[in-house]
K.L.:
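One structure coming up, written as structure tokens, with questions to follow.
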Amino acid sequence: MAVNGSSIWKYADKNEIGVTCVAFSGGQPKEGVDLGPEYVLKANLVEQLQDMKYNVVLTGGKVQHYKEFFPESDEPVGIIKRPRTVGIVNKILADQVYEHIKEGRLALQIGGDHSMAIGTISGVARGIKERFQQDIKVIWVDAHADINTPETTETGNIHGMPVSFLMGLVKGKFEGLDWIEPCLKPENLVYIGLRDVDKLEKQILKENKIKSFSMHEIDRYGIGQVLDMTIEHLSKGDRGESPIHVSFDIDALDPSVAGSTGTPVRGGLTFREGHYLLEALHSTGRLVALDMVELNPAIGDHCEDTIAIGCSLIRATFGESLL
């Protein structure tokens, strides 16, 4: 049953969700991920959220394509692909998301590839810092760590690097990406669902003492205890009141559940494990933003199922319950 959980939100002044549809694929090479937001809207997500008694404010009143802002030329820097395009789009996106947070709304960003987290988390962090003088906490739900740096990446695709930019781990400046200010501290980040992490990424996680729960820990402890440990870690020193931004890559789920994504990895979260995470996080009242990314309708034979599950996860985040 859908319920209106707006009264529990600690950081939202309004019964509103600011939705930004990020039709962007420039952080990776596979076509189709830019179609994700359009398919989600066609699946009637806005109407579903309205049925839950939320007012929905759609950024610009439409899907955001950003193509008019693309540079005429975007040659690789070393092996880093499309740095100017990714940087320009994320700077605009950061401002768009910031406006929703500034206005006291919850923020929902639908992607699009995971490079967009550079903009979404930057925008949310700026708004939360201005309004509440607090740092943002981030739960990154993903099969991948996305914390490669330009020095460690093997592919050059920026959707595998957003966390390193957000944490200030990138050495030097890259044209188009030089606006990014570090806004995420290692102790304020927790990973859930990891199972495909590059060797040098593992080293980065260890060196920065970043709390990470792979599928091994989920198998061992169960999703409920993993989330309890996550909340405990993110509540140190603040009495469990700090705001949380969830960045959810649909490939965190097992591909048998949600296969229409660019980098599927077997052995992921079940349908219920993914939903439990978001249902339980909703109950904390601490969420301020959700990214739902890497839905790619051009991949697989059952894209409708992946889109439907993406919508279901979003509804769970904003208060839909089983009873």
Side-chain angles (χ1 to χ4, degrees), residues 22 24-34 66 70-71 73-91 93-94 111-122 138 140-186 189-212 214-215 247-252 261-266 268 291 293-294 296 299:
V22 187
F24 182 67
S25 62
Q28 54 81 62
K30 295 183 180 180
E31 296 182 357
V33 73
D34 54 321
Y66 305 101
F70 287 8
S73 175
D74 197 0
E75 294 299 316
V77 176
I79 68 167
I80 307 306
K81 301 168 184 173
R82 295 177 290 278
R84 301 163 194 85
T85 302
V86 173
I88 289 169
V89 169
N90 272 287
K91 190 173 189 300
L93 175 58
D113 73 67
H114 219 163
S115 70
M116 63 184 259
I118 295 172
T120 65
I121 293 175
S122 293
V138 173
W140 195 277
V141 187
D142 202 326
H144 311 90
D146 294 346
I147 200 170
N148 269 305
T149 68
E151 292 76 34
T152 68
T153 179
E154 297 178 0
T155 67
N157 297 321
I158 298 178
H159 79 155
M161 306 180 212
V163 180
S164 67
F165 280 97
L166 291 163
M167 288 180 54
L169 301 178
V170 175
K171 299 175 182 178
K173 297 288 185 179
F174 290 82
E175 184 180 353
L177 295 161
D178 49 4
W179 62 270
I180 302 169
E181 295 289 339
C183 61
L184 180 58
K185 299 175 182 178
L189 170 65
V190 176
Y191 285 100
I192 296 177
L194 295 179
R195 58 191 185 278
D196 185 15
V197 182
D198 294 343
K199 181 178 179 180
L200 292 178
E201 286 185 300
K202 293 178 183 178
Q203 184 176 330
I204 293 171
L205 295 177
K206 290 177 181 177
E207 288 176 351
N208 289 277
K209 299 179 181 179
I210 297 171
K211 193 72 169 176
S212 304
S214 71
M215 290 306 302
S247 202
F248 197 112
D249 190 321
I250 200 70
D251 74 21
T261 188
T263 50
V265 185
R266 289 186 295 178
D291 305 328
V293 307
E294 298 284 358
N296 191 329
I299 293 176

K.L.:
Apply ring-ring contact (aromatic ring centres under 6.0 Å, His included) to His159 and list each qualifying residue two or more places apart in sequence or on a separate chain.
P.N.:
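Listed in chain order: nothing, the list is empty.
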K.L.:
Who pairs with Thr153 by side-chain hydrogen bond (donor to acceptor under 3.5 Å, both in side chains), at least two apart in sequence or on another chain?
P.N.:
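Testing Thr153 for side-chain hydrogen bond (donor to acceptor under 3.5 Å, both in side chains), a comparison that skips the adjacent residues, returns none.
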K.L.:
Who pairs with Asp291 by side-chain hydrogen bond (donor to acceptor under 3.5 Å, both in side chains), at least two apart in sequence or on another chain?
P.N.:
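Here the qualifying residues are Gln109, Thr120, His245, Ser247.
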K.L.:
Got a donor-acceptor contact below 3.5 angstrom from the Glu294 side chain to the His114 backbone?
P.N.:
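Between the backbone of His114 and the side chain of Glu294 there is a qualifying donor-acceptor contact (under 3.5 Å).
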K.L.:
With sequence neighbours left out, write down each residue that passes side chain to side chain contact (heavy atoms under 4.5 Å, CB included) with Lys185, or none if nothing qualifies.
P.N.:
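Partners of Lys185 under the side chain to side chain contact (heavy atoms under 4.5 Å, CB included) test: Asp135, Glu187, Asn188.
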K.L.:
Does Tyr66 reach the side chain of Val22, with side-chain heavy atoms less than 4.5 Å apart?
P.N.:
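In short, these two side chains touch, coming nearer than 4.5 Å.
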K.L.:
Where is the tightest heavy-atom contact between Pro186 and Met167, given as atom of each residue plus distance?
P.N.:
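Scanning both residues completely, I find the closest heavy atoms to be CG-CE, 3.4 Å.
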K.L.:
Taking all heavy atoms of Thr85 and all of Pro71, pick out the closest pair and write down the distance.
P.N.:
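For Thr85 versus Pro71, the nearest heavy atoms are OG1-CD, 3.4 Å.
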K.L.:
What's the spacing between Glu151 CD and Leu169 CG if we round to 0.5 Å?
P.N.:
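That separation rounds to 10.0 Å.
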K.L.:
Heavy atoms only: give me the nearest Pro83-Leu177 pair and the separation to one decimal.
P.N.:
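Taking Pro83 first and Leu177 second, the nearest heavy atoms are O-CG, 3.5 Å.
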K.L.:
Ser122: which residues meet the side-chain hydrogen bond (donor to acceptor under 3.5 Å, both in side chains) condition with it, sequence neighbours left out?
P.N.:
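Not a single residue meets the side-chain hydrogen bond (donor to acceptor under 3.5 Å, both in side chains) criterion with Ser122.
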K.L.:
Using the test side-chain hydrogen bond (donor to acceptor under 3.5 Å, both in side chains), find all partners of Glu31 that sit at least two apart in sequence or belong to another chain.
P.N.:
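Residues passing side-chain hydrogen bond (donor to acceptor under 3.5 Å, both in side chains) with Glu31: none at all.
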K.L.:
Can you see which heavy atom on Val33 is nearest to which on Asp113, and at what distance?
P.N.:
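Nearest pair, atom of Val33 first, then Asp113: CG2-N, 4.0 Å.
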K.L.:
Examine distances only and state if a side-chain atom of Arg82 and a backbone atom of Gln28 form a donor-acceptor pair shorter than 3.5 Å.
P.N.:
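Indeed, once roles are kept as given, a pair shorter than 3.5 Å links the two residues.
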K.L.:
If you round to the nearest 0.5 Å, how far is CD1 of Ile121 from CE of Met116?
P.N.:
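Going from the CE atom of Met116 to the CD1 atom of Ile121 covers 9.5 Å.
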K.L.:
How close do Val86 and Gly26 get, heavy atom to heavy atom, and via which atoms?
P.N.:
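Nearest pair, atom of Val86 first, then Gly26: CG2-O, 3.7 Å.
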K.L.:
Tell me the closest heavy-atom pair linking Lys81 and Ile158, and the distance in Å.
P.N.:
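Reported closest heavy-atom pair: O-CD1, 3.6 Å.
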K.L.:
Only distances under 3.5 Å count here; give the side-chain donor-acceptor pairs of residues 205-212 to other protein atoms, sequence neighbours excluded, each with its distance to 0.1 Å.
P.N.:
{"from": "Glu207", "atom 1": "OE2", "to": "Gln203", "atom 2": "NE2", "distance (Å)": "3.0"}
{"from": "Asn208", "atom 1": "ND2", "to": "Ile204", "atom 2": "O", "distance (Å)": "2.9"}
{"from": "Ser212", "atom 1": "OG", "to": "Ile210", "atom 2": "O", "distance (Å)": "3.2"}

K.L.:
Enumerate, atom names and distances included, each donor-acceptor pair closer than 3.5 Å involving a side-chain atom of residues 189-198, sequence neighbours excluded.
P.N.:
{"from": "Tyr191", "atom 1": "OH", "to": "Ala145", "atom 2": "O", "distance (Å)": "2.6"}
{"from": "Arg195", "atom 1": "NE", "to": "Val265", "atom 2": "O", "distance (Å)": "3.0"}
{"from": "Arg195", "atom 1": "NE", "to": "Arg266", "atom 2": "O", "distance (Å)": "3.4"}
{"from": "Arg195", "atom 1": "NH1", "to": "Gly193", "atom 2": "O", "distance (Å)": "3.2"}
{"from": "Arg195", "atom 1": "NH1", "to": "Ala252", "atom 2": "O", "distance (Å)": "3.2"}
{"from": "Arg195", "atom 1": "NH2", "to": "Asp251", "atom 2": "O", "distance (Å)": "2.7"}
{"from": "Arg195", "atom 1": "NH2", "to": "Leu253", "atom 2": "O", "distance (Å)": "3.3"}
{"from": "Arg195", "atom 1": "NH2", "to": "Val265", "atom 2": "O", "distance (Å)": "2.8"}
{"from": "Asp196", "atom 1": "OD2", "to": "His144", "atom 2": "NE2", "distance (Å)": "3.3"}
{"from": "Asp198", "atom 1": "OD2", "to": "Asn148", "atom 2": "ND2", "distance (Å)": "2.9"}

K.L.:
Give every residue pair that meets the salt bridge (Lys or Arg N to Asp or Glu O under 4.0 Å) criterion with at least one member in residues 164-180, sequence neighbours excluded.
P.N.:
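Every pair satisfying salt bridge (Lys or Arg N to Asp or Glu O under 4.0 Å) with a residue in residues 164-180: Arg84-Glu175.
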K.L.:
Quick one, Trp179 and Ile118 - any side-chain contact, counting heavy atoms below 4.5 Å?
P.N.:
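Yes, at least one pair of side-chain atoms sits under 4.5 Å.
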K.L.:
Say you draw a straight line from OG1 of Thr155 to CD1 of Ile80; how long is it, rounded to the nearest 0.5 Å?
P.N.:
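It is 8.0 Å, given to the nearest 0.5 Å.
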K.L.:
Hey, are the side chains of Thr261 and Asp249 touching, using non-hydrogen atoms and a 4.5 Å cut-off?
P.N.:
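Yes. Closest side-chain heavy atoms under 4.5 Å.
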K.L.:
Can you establish whether the number of heavy atoms outside Lys91 located under 6.0 Å from its atom NZ is more than 12?
P.N.:
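12 or below, so no.
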